[in-house]
2 protein chains.
Amino acid sequence: MSYTYEYPHPAVTVDCVVFGLDDDDLKVLLIQRDIDPFEGKWAFPGGFVEIDEPLEKAALRELKEETGLNKIFLEQLYTFGKPDRDPRERVISVAFFALANIRDHRIKAATDARNAAWFDVKNIPALAFDHQNILITALERIKGKVSYQPIGFELLPKKFTLNQLQHLYETILERPLDKRNFRRKILGMDLLEETGETEKNVAHRAARLYRFDKIKYNALLKKGFIFEV
Amino acid sequence: MSYTYEYPHPAVTVDCVVFGLDDDDLKVLLIQRDIDPFEGKWAFPGGFVEIDEPLEKAALRELKEETGLNKIFLEQLYTFGKPDRDPRERVISVAFFALANIRDHRIKAATDARNAAWFDVKNIPALAFDHQNILITALERIKGKVSYQPIGFELLPKKFTLNQLQHLYETILERPLDKRNFRRKILGMDLLEETGETEKNVAHRAARLYRFDKIKYNALLKKGFIFEV
DNA sequence: TGACAAAGTGTCATTTCTACACTATTATTA
DNA sequence: TAATAATAGTGTAGAAATGACACTTTGTCA
């Protein structure tokens, strides 16, 4: 079967930059390509958009096919369209980004992916295509966004300590924050709910566990509340 | 001539949302389509990306062809890809947005545009394709961006009064600002240079004219300065 | 039971924000 | 030429937010 057009058409792909947090490090999910071009190289999960498929749906499908990751929230990041970014033909790629809790998801490679794994953003192998650029763009976005949208909570377990939350912000923003000031600000927003529980199996005083109250957040939003860290 | 592919390919277009400021109103540049589909309807300037052409270059080319607007700074806005957004075939459109000073540019329609004109964003005719969505996205973007990037200056003449600047912010943000607080904040940033000149031909005390000092701004940026209004 | 490790807590000085009203200047008009 | 109309231009004080800073509490483990 073949498809003919009066004018040349580019191919369109989607790519997904999924961030995760693993103890101390910010990570991204990569797959090792099992097909040419760039066979054996690491890249962001992604692939061709089907002709009647919405972009976001294509991204979710590819993500699931290649890594097993399912049902996560994707946000459009940027569209990469340099004419020579793919050696096969003109390929325009719509990149998405997402946050995921590493422990909640079991990654497993499939279809065009030989392998799938989380990599520390500070230690990324050489990437296929222009995916290095995509990574840079995604890091800028997450850094810019984390301060004024409560997206960070997606990276943590449902119940988390204030120290974990502070650590997350310090990791993404790449600067230290004052413990007391951080707590004052976060708790003052009235977005966190105490679970009444504390950490288990730690060799020191156990910290209180909180959960993010999305309903409260949405209610505050309607009243003009602005999240800011 | 025809082009054949093993798999179906979407077409890719670019669209440009150009904002301008005319006295009291925020405007956008629209063209009236001279060809099907949506012949006679108003739409954002744009068109098909050539097979070896970067996206931004395509946007600049279409903008110039259809409206005469030349050499303005475009920023990628969002990519619109719903499968049925174009009745002809699957078309994925990469939208850009830009700011322009209306008085500096003479608009003239050409090629596929029967007409080109500025429209008050509060009073937009029915638009072709999903361009209403594109407009909404662009308005959100400019509103979100104007407060923390000094983009507003692009909309004003080179020399402008503080009242013009304040009015611009009030128009985009859709809320009133306090005159004294606004002046204190803007002047305190040390980004504006007094020209020494004043307004001409006004029936009241003439206001001082300022210009935006981009060199100073870039220097401050390097020192970690954050613009915020 | 003492040492260790992290949790949890308050204050003060500085800066920033907000709300608010009158005088100065210029062109126009009576 | 004096009065009027229109906008320019200016300061302050109270409230809120920020940033810097160190010790006590609680639990585990040796």
Side-chain angles (χ1 to χ4, degrees), chain A residues 21 23-24 146-148 150 156-157 159-171 173-212 220 223-229, chain B residues 21 23-24 146-148 150 156-157 159-171 173-212 220 223-229:
Chain A
L21 191 79
D23 299 325
D24 284 357
V146 79
S147 300
Y148 65 90
L156 295 175
K159 301 170 185 180
F160 51 85
T161 68
L162 290 179
N163 252 41
Q164 285 179 291
L165 187 62
Q166 180 179 343
H167 191 77
L168 179 156
Y169 277 91
E170 291 178 328
T171 302
L173 297 175
E174 298 184 284
R175 63 189 168 87
L177 301 170
D178 179 86
K179 182 159 69 158
R180 280 175 290 190
N181 295 341
F182 180 78
R183 282 163 186 244
R184 182 180 38 189
K185 187 150 200 178
I186 289 286
L187 293 176
M189 288 181 196
D190 198 34
L191 285 177
L192 300 189
E193 192 183 12
E194 269 197 65
T195 63
E197 302 168 56
T198 54
E199 282 180 299
K200 299 283 176 230
N201 307 318
V202 287
H204 53 78
R205 175 174 178 184
R208 294 180 198 155
L209 291 170
Y210 293 83
R211 80 165 66 83
F212 173 64
L220 286 174
K223 294 186 203 154
F225 168 78
I226 293 177
F227 178 87
E228 200 184 336
V229 177
Chain B
L21 191 80
D23 298 324
D24 284 357
V146 79
S147 299
Y148 65 88
L156 294 175
K159 300 172 186 178
F160 51 85
T161 69
L162 290 180
N163 252 39
Q164 285 180 292
L165 186 63
Q166 179 178 343
H167 190 76
L168 179 156
Y169 276 91
E170 291 179 326
T171 301
L173 297 175
E174 298 184 283
R175 62 186 170 89
L177 301 170
D178 180 88
K179 181 158 74 160
R180 279 174 289 188
N181 294 342
F182 179 79
R183 280 163 188 245
R184 173 157 33 120
K185 188 150 198 177
I186 289 286
L187 293 175
M189 289 182 195
D190 199 32
L191 286 177
L192 299 189
E193 193 182 13
E194 267 197 66
T195 62
E197 302 168 56
T198 54
E199 283 179 300
K200 298 282 177 232
N201 306 318
V202 286
H204 53 79
R205 178 173 175 182
R208 294 180 198 156
L209 292 169
Y210 293 82
R211 78 165 67 83
F212 173 65
L220 285 173
K223 295 186 203 157
F225 167 79
I226 293 177
F227 176 87
E228 201 185 337
V229 177

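Throughout, a chain's letter reflects where its sequence line sits, starting with A, and its residues are numbered from 1. Small disclaimer: the values here were computed from a predicted structure and weren't measured.
- Partners of Phe160(B) under the ring pair (Phe, Tyr, Trp, His ring centres under 6.0 Å) rule, at least two apart in sequence or in another chain, are Phe153(B).
- Contacts of Phe225(B) classified as side chain to side chain contact (heavy atoms under 4.5 Å, CB included), with partners at least two apart in sequence or in another chain: Met189(B), Leu191(B), Tyr217(B), Leu220(B), Phe227(B).
- Distance check: Ile186(B) CD1 to Asn181(B) CG gives 12.0 Å after rounding to the nearest 0.5 Å.
- Among the atoms of the strands shown, only primed sugar atoms or phosphate atoms (P, OP1, OP2) are found under 4.0 Å from some heavy atom of Asn163(A).
- By the side chain to side chain contact (heavy atoms under 4.5 Å, CB included) test, Thr198(A) is found to be paired with Lys200(A), Ala206(A), residues two or more places apart in sequence or in another chain being considered.
- Along DNA chain D, read 5' to 3', the first and last nucleotides having any atom under 4.0 Å from a heavy atom of chain B are dA6(D) to dT12(D).
- Remark: Arg180(A) pairs with no residue by the side chain to side chain donor-acceptor pair (under 3.5 Å) rule, at least two apart or across chains.
- A heavy atom closer than 4.0 Å to some atom of DNA chain D occurs in no member of residues 191-201 of chain A.
- For Glu193(A), the side chain to side chain donor-acceptor pair (under 3.5 Å) criterion is met by Arg211(A), not counting sequence neighbours.
- In this structure Lys179(B) satisfies the side chain to side chain donor-acceptor pair (under 3.5 Å) test with no other residue, sequence neighbours excluded.
- Within residues 179-190 of chain B, the residues that place at least one heavy atom under 4.0 Å from DNA chain D are, in residue-number order, Lys179(B), Arg180(B), Arg183(B), Arg184(B).
- Atom CZ in Arg205(B) sits about 17 Å away from atom C1' in dT28(C), given to the nearest Å.
- Considering only residues two or more places apart in sequence or on other chains, Glu194(A) meets the side chain to side chain contact (heavy atoms under 4.5 Å, CB included) condition with Arg208(A), Tyr210(A).
- The side chain to side chain contact (heavy atoms under 4.5 Å, CB included) test applied to Leu177(B) returns Gln166(B), Tyr169(B), Glu170(B), Arg175(B), Phe182(B), not counting sequence neighbours.
- In this view, Asp190(A) satisfies the side chain to side chain donor-acceptor pair (under 3.5 Å) rule with no residue, not counting sequence neighbours.
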